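In what follows, a structure is listed as structure tokens, so that the remarks can point back to it.
Because the structure is predicted, anything quoted here is derived from the model rather than measured.
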Amino acid sequence: MSPCGCDYGISIGPAMLAVDFIYRHEHGRRNKAANPHLLVMKIACLLKGDAPVCFDFAAQAEELGKSEEELRAQVVWLVEREFLALDGDVDGVARLWVNPALAFAPGTDPRAAAARYRFPYVRLAEKGMAAAEPVVVYPYEPELWEQVYEAQREMFEDPPVFRWCEQHAL
């Protein structure tokens, strides 16, 4: 096995677990294969700087062992819940912006990314799955994103980084 050549990574936010919680809250534990949690991890790991992820449905379907239709349905679900924003889909390649409450690339400002698509701030409820509503979604407000940034400045300025490569795959 060759040494890892990763020179980037991503940091995950509180919304990463919220994807799974919301899906389970809406669908129960049935149909685990349709849960978009693995897909959202893959999309987040494709982040590079302050740019959208160019997501090739055919290539990713093959890599993830899923159909293109299944991946498209999962992306639609993620867009409808504002974890992602879709900025076009040409010849099977979608431009996807990632809500920074979900994940962000080191060296990027989550406030700017949130403002671009007016992403809400998403976090788990205090009691998690035991709560009546396991996820709290705050509508986009610049002041809220500023408060989040200030409260977690160290994490944003020197974030812990998750890497996705062949050597470090989940």
Side-chain angles (χ1 to χ4, degrees), residues 8-106 108-125 128-129 131 133-141 144-145 148 156 159 161-164 169-170:
Y8 65 95
I10 58 112
S11 289
I12 60 172
M16 187 61 74
L17 285 174
V19 169
D20 189 50
F21 278 27
I22 291 173
Y23 184 84
R24 284 199 225 170
H25 191 71
E26 291 177 4
H27 302 280
R29 293 191 182 270
R30 68 187 193 290
N31 200 6
K32 287 172 79 172
N35 187 324
H37 192 255
L38 179 60
L39 174 63
V40 80
M41 285 293 294
K42 177 63 176 175
I43 290 170
C45 288
L46 294 172
L47 281 169
K48 291 186 181 172
D50 189 25
V53 169
C54 292
F55 189 81
D56 182 328
F57 283 99
Q60 294 301 328
E62 184 176 328
E63 183 176 326
L64 296 171
K66 297 183 179 271
S67 71
E68 285 185 54
E69 294 75 25
E70 186 176 8
L71 292 183
R72 286 184 179 282
Q74 290 178 351
V75 166
V76 166
W77 187 90
L78 292 163
V79 168
E80 288 172 350
R81 283 146 190 87
E82 299 181 276
F83 291 111
L84 302 174
L86 176 63
D87 186 20
D89 183 346
V90 177
D91 296 329
V93 178
R95 286 173 42 102
L96 300 171
W97 292 93
V98 178
N99 182 331
L102 183 68
F104 62 93
T108 60
D109 187 338
R111 297 167 296 184
R116 182 177 294 114
Y117 279 95
R118 302 180 58 78
F119 281 123
Y121 183 70
V122 182
R123 67 172 182 82
L124 299 178
M129 285 298 284
E133 293 293 326
V135 175
V136 180
V137 179
Y138 299 97
Y140 172 77
E141 291 291 336
L144 174 61
W145 277 99
V148 167
F156 289 121
V161 175
F162 172 81
R163 299 182 191 284
W164 180 302
L170 294 174

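Between the side chain of Arg116 and the backbone N or O of Ala112 there is no donor-acceptor pair closer than 3.5 Å. No side-chain donor-acceptor contact under 3.5 Å links Asp87 to the backbone of Arg95.
By the 30° and 60° cut-offs, the orientation of the rings of Trp77 relative to Phe83 is parallel. Between Phe57 and Phe55, the ring planes are perpendicular. Angles over 60° get that label, and only those under 30° would be called parallel.
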Checklist entry - Taking it one step at a time, do Arg123 and Tyr138 satisfy side chain to side chain contact (heavy atoms under 4.5 Å, CB included)? => result CA-CA 9 Å; Arg123 67 172 182 82; Tyr138 299 97; 3.0 Å; yes

Next on the checklist: Working note: Val135 + Leu124, criterion side chain to side chain contact (heavy atoms under 4.5 Å, CB included); need CA distance, chi angles, decisive distance, verdict.
Outcome noted: CA-CA 4 Å; Val135 175; Leu124 299 178; 4.3 Å; yes

Next on the checklist: Show, in sequence, the C-alpha distance, side-chain angles and deciding distance for Leu102 and Val122, and conclude whether the side chain to side chain contact (heavy atoms under 4.5 Å, CB included) test is met.
Outcome noted: CA-CA 8 Å; Leu102 183 68; Val122 182; over 6 Å; no

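Residues Ala105 and Leu47 approach most closely at N-CD1, 4.1 Å, considering heavy atoms. When all heavy atoms of Thr108 and Pro110 are compared, the closest pair comes out as O-CD, 3.4 Å. Scanning both residues, Leu71 and Gln60, for their nearest heavy atoms gives CD1-C, 3.7 Å. Listed here is the closest heavy atom pair of Ala103 and Ala44: CB-CB, 3.6 Å. Considering all non-hydrogen atoms of both residues, Trp145 and Pro120 come closest at CZ2-O, 3.5 Å. Nearest approach of Trp97 to Ala51, heavy atoms of both residues: CZ3-C, 3.7 Å.
For the atom pair Lys66 NZ and Gln74 CD, the distance stands at 5.0 Å (nearest 0.5 Å). Distance check, rounded to the nearest 0.5 Å: CG of Asp20 to CE of Met41 gives 11.5 Å. Taken from CG in Leu78 to NE2 in His37, the straight-line distance is 10.5 Å, to the nearest 0.5 Å.
In Arg118, the CZ atom is not crowded: 12 or fewer heavy atoms of neighbouring residues, nucleotides or ligands sit closer than 6.0 Å.
Arg72 places none of its side-chain heavy atoms less than 4.5 Å from the side chain of Val76. Residues Leu84 and Asn99 form no side-chain contact, since every pair of their non-hydrogen atoms from C-beta on lies 4.5 Å or further apart.
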